[in-house]
Undergrad: 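Let me begin by handing over the structure; questions about it come next.
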Amino acid sequence: MPLLVMKFGGSSVADLDRIANVAAKVKAEVERGYDVIVIVSAMSGKTNELVGWVEGTSRLYDAREYDAVVASGENVTAGLTALRLQEMGVPARSWQGWQVPINTTAQHGAARFVSIPRDNIDQKFAEGMRVAVVAGFQGIAPDGRITTLGRGGSDTTAVAFAAAFEADRCDIYTDVDGIYTTDPRIVRRARKLDRIAFEEMLELASLGAKVLQTRSIELAMRYNVRLRVLSSFEDTDGTSGTLVCAEEEIMESKVVSGIAGSRDEAKITLVTVEDRPGVSAAIFEPLAEAGVNVDMIVQNISERDYEEHPGAVTDMTFSVPVNQVARARKAVEDARAAGKIAYDELVVDEEVAKVSVVGIGMRSQAGVAGRMFRALADENINIKVISTSEIKISVLIDRRYMELAVQALHDAFELERA
Ligand code: ASP
Ligand code: MG
């Protein structure tokens with residue numbers, strides 16, 4: 001029997017009516033001839049509540065007990081969904097992570113998959129079960145304790161099951177009807193994409209389009225799992241939503257597919273650092289040790305070449321999430337106090353945003369950067385830092401112009417048009 005994985009997020013299972021709606025969608029696929037593995041999240045808000053209970057009980061909590069508590073939200077929705085399906089006459093059974101078993105590493109709160117043996121579920125399918133409802137977000141460590149995968153982890157559970165069971169497709173049901181060229185709350189004419197490549201989705205997800213957990217996309221790319229993102233609140237068929245798939249499956253050849261804006265950025269500059277071998281390592285090693293996520297890095301060219309002029313100086317600029325500024329500052333200042341680095345001044349700008357244009361078409365097309373910078377210039381927006389990759393160009397700008405920049409770029413690359 002062909003097999004489908006269907007994943008339902010928290011808002012899709014928020015109450016009993018919505019669970020009934022989910023069950024109806026699953027039943028429709030069963031009637032189309034599929035065996036189905038359903039992955040469910042906890043009811044919306046539930047995981048936050050459980051995390052709050054843990055933190056309210058123990059400040060420096062034991063991560064194993066955090067997982068024991070926080071994994072429970074998914075157990076409830078898995079059981080209820082199986083019950084509702086049974087009420088509708090569909091042979092269904094729920095599975096908690098340990099029952100499958102979903103084997104993970106022992107990193108509690110951020111566990112990774114090790115293996116998902118198929119035997120138990122396959123045997124039940126062979127005996128006539130049509131739907132396995134699996135609790136997302138959880139697994140079991142080698143020592144038998146319950147683990148969780150990190151917030152948003154049910155997406156990754158769904159992709160892992162689609163890979164393990166060689167599903168025809170992995171449908172991710174959520175409260176939006178697909179992936180858009182940019183945030184529709186910023187640009188009203190943002191367009192829903194029919195297809196987007198894994199690489200593009202990865203860039204957009206890590207830039208803050210929070211529809212899919214980043215790790216789920218990495219996994220889908222590695223195992224070539226076709227992902228469809230669609231709404232559980234609309235009537236859908238096999239062609240609704242947005243398909244996240246391999247580059248080869250994309251017919252539309254746009255240079256730019258999407259624009260992302262991220263407002264929680266900060267820019268840090270070390271003024272007048274020595275220009276000599278080892279300076280960058282001396283700055284960024286302590287930042288890494290302090291757990292600071294450095295994103296963009298720019299080292300200015302010093303006026304004089306180091307080879308001919310030892311003692312030349314330069315400036316070093318980098319960006320970090322705005323809530324990590326204090327930690328970054330401390331790491332750098334400690335390194336300076338320890339004599340590992342020297343600079344004249346540390347300048348922090350906490351009022352910046354990052355805007356990026358993303359598209360696999362950039363690989364073969366020149367002129368994207370020029371077009372992007374012209375669009376920003378026409379709005380009189382100053383660019384503070386630029387960085388590029390094969391399929392992305394990002395700029396840091398003044399935060400108050402972020403919406404304006406996203407709109408201008410959406411227009412400049414004509415993304416409202418298919
Ligand atoms: N319930 C978990 C969370 O809220 C996992 C998920 O929904 O993906 O993070
Ligand atoms: Mg989610």
Side-chain angles (χ1 to χ4, degrees), residues 179-187 189-190 196-197 199-210 214 254-271 280 284 287 292-301 314-325 328 347-416:
I179 308 295
Y180 279 71
T181 49
T182 195
D183 185 342
R185 286 167 302 185
I186 299 180
V187 180
R189 281 175 302 157
I196 185 165
E199 288 92 332
E200 294 172 324
M201 191 61 223
L202 256 183
E203 292 288 1
L204 293 171
S206 60
L207 292 169
K210 294 193 183 70
T214 309
K254 278 238 164 200
V255 183
V256 169
S257 304
I259 314 242
S262 149
R263 52 175 64 257
D264 305 320
E265 308 281 329
K267 174 168 80 77
I268 299 180
T269 301
L270 303 188
V271 182
S280 301
F284 292 102
L287 287 165
V292 175
N293 297 317
V294 174
D295 179 22
M296 303 161 110
I297 301 176
V298 179
Q299 184 194 309
N300 289 349
I301 297 173
T314 182
D315 293 343
M316 187 77 80
T317 299
F318 55 93
S319 69
V320 300
V322 77
N323 61 7
Q324 293 185 359
V325 166
V347 183
V348 178
D349 181 352
E350 298 200 26
E351 299 294 321
V352 294
K354 180 169 73 169
V355 175
S356 308
V357 302
V358 173
I360 47 175
M362 266 181 225
R363 288 200 190 115
S364 51
Q365 181 92 22
V368 180
R371 224 162 125 192
M372 176 179 189
F373 302 154
R374 170 54 57 204
L376 297 173
D378 287 347
E379 298 294 342
N380 219 359
I381 297 171
N382 189 38
I383 299 171
K384 297 169 186 259
V385 176
I386 301 170
S387 77
T388 65
S389 79
E390 229 190 341
I391 65 163
K392 178 183 75 171
I393 303 172
S394 301
V395 295
L396 279 189
I397 59 170
D398 205 319
R399 186 174 302 143
R400 69 196 133 145
Y401 300 131
M402 192 188 91
E403 279 86 1
L404 180 62
V406 170
Q407 262 156 16
L409 293 169
H410 202 270
D411 287 345
F413 290 100
E414 300 179 337
L415 293 189
E416 74 282 0

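FYI, side chains are in, hydrogens and waters are out, and symmetry mates aren't considered; it's all heavy atoms of this structure.
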Undergrad: For the residue pair T181 and L415, what are the closest heavy atoms and their distance?
TA: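 Closest heavy-atom pair between T181 and L415: CG2-O, 3.8 Å.
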Undergrad: Might you point out which heavy atoms bring I397 and N382 nearest each other, and give the distance in Å?
TA: CG2-O, 3.6 Å
Undergrad: Against V406, only a single residue in D411, V187, V357 fulfils side chain to side chain contact (heavy atoms under 4.5 Å, CB included); can you say which?
TA: V187
Undergrad: Would you mind reporting whether M372 and V256 have side-chain heavy atoms less than 4.5 Å apart?
TA: no
Undergrad: Would you check, one step at a time, whether the test side-chain contact (heavy atoms from CB on, under 4.5 Å) holds for V271 with V347?
TA: CA-CA 8 Å; V271 182; V347 183; 3.9 Å; yes
Undergrad: At what distance, to the nearest 0.5 angstrom, does NZ of K384 lie from CG of D398?
TA: 5.0 Å
Undergrad: Between V385 and K354, does a side-chain contact (heavy atoms from CB on, under 4.5 Å) hold up when you go through it step by step?
TA: CA-CA 9 Å; V385 176; K354 180 169 73 169; over 6 Å; no
Undergrad: Measuring only between side-chain heavy atoms, which start at C-beta, is E390 closer than 4.5 Å to E199?
TA: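 With C-beta onward as the side chain, the pair stays apart.
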Undergrad: Quick check: closest heavy atoms across V325 and A266, and the distance to 0.1 Å?
TA: CG2-CB, 3.4 Å
Undergrad: To the closest 0.5 Å, what do you measure between NZ (K254) and CD (E414)?
TA: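 Here the interatomic distance stands at 6.5 Å.
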Undergrad: How long is the straight-line distance from CD of E265 back to CE of M296, given to the nearest 0.5 Å?
TA: 8.0 Å
Undergrad: Any side-chain to backbone donor/acceptor pair from Q407 onto I186? Under 3.5 Å, distance only.
TA: yes
Undergrad: Could you point out which residue of I393, L409, I383, L376 forms a side chain to side chain contact (heavy atoms under 4.5 Å, CB included) with V355?
TA: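 For V355, the side chain to side chain contact (heavy atoms under 4.5 Å, CB included) check succeeds only for L409.
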Undergrad: Say you draw a straight line from CE of M316 to CD1 of I297; how long is it, rounded to the nearest 0.5 Å?
TA: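 It is 7.5 Å, given to the nearest 0.5 Å.
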Undergrad: Side chains of D295 and S319: closer than 4.5 Å at any heavy-atom pair?
TA: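 Of all side-chain heavy-atom pairs linking S319 with D295, at least one is under 4.5 Å.
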Undergrad: Testing the basics here: between E200 and S257, what is the closest heavy-atom pair and its distance to 0.1 Å?
TA: OE2-OG, 2.6 Å
Undergrad: In Å and rounded to the nearest 0.5 Å, what is the CZ to CG distance from R399 to D264?
TA: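 Rounded to the nearest 0.5 Å, the CZ-CG separation comes to 6.5 Å.
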Undergrad: Apply side-chain contact (heavy atoms from CB on, under 4.5 Å) to residues L287 and V320 and explain how you reach the verdict.
TA: CA-CA 10 Å; L287 287 165; V320 300; 5.8 Å; no
Undergrad: With sequence neighbours left out, write down each residue that passes ring pair (Phe, Tyr, Trp, His ring centres under 6.0 Å) with F284, or none if nothing qualifies.
TA: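 Ring pair (Phe, Tyr, Trp, His ring centres under 6.0 Å) list for F284, sorted by chain: F318.
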Undergrad: Which heavy atom of H410 sits nearest to which heavy atom of R189, and what is that distance?
TA: CE1-O, 3.8 Å
Undergrad: Would you list the pairs meeting salt bridge (charged side-chain N to carboxylate O under 4.0 Å, His left out) in which at least one residue belongs to residues 365-377, sequence neighbours left out?
TA: R374-D378
Undergrad: Answer whether the closest heavy-atom distance between the side chains of S356 and E203 falls below 4.5 Å.
TA: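 They are not in side-chain contact.
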Undergrad: For the atom pair CG (L204) and CD1 (I259), what is the distance rounded to the nearest 0.5 Å?
TA: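 One gets 9.5 Å once the value is rounded to the nearest 0.5 Å.
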Undergrad: Would you call E403 and R263 a salt bridge, using N to O less than 4.0 angstrom?
TA: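 Yes, E403 and R263 are salt-bridged.
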Undergrad: So which atom in Q299 and which in S280 form the shortest heavy-atom distance, rounded to 0.1 Å?
TA: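 Minimum heavy-atom separation between Q299 and S280: OE1-OG, 3.6 Å.
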Undergrad: side-chain contact (heavy atoms from CB on, under 4.5 Å), that's the test. Do L404 and I381 meet it? Break it down for me.
TA: CA-CA 9 Å; L404 180 62; I381 297 171; 4.0 Å; yes
Undergrad: When you compare the side chain of E351 with that of D349, does any pair of heavy atoms fall below 4.5 Å?
TA: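 D349 vs E351: side chains touch.
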Undergrad: Please check if atom CG in N380 has more than 12 non-hydrogen atoms from other residues, nucleotides or ligands closer than 6.0 Å.
TA: no
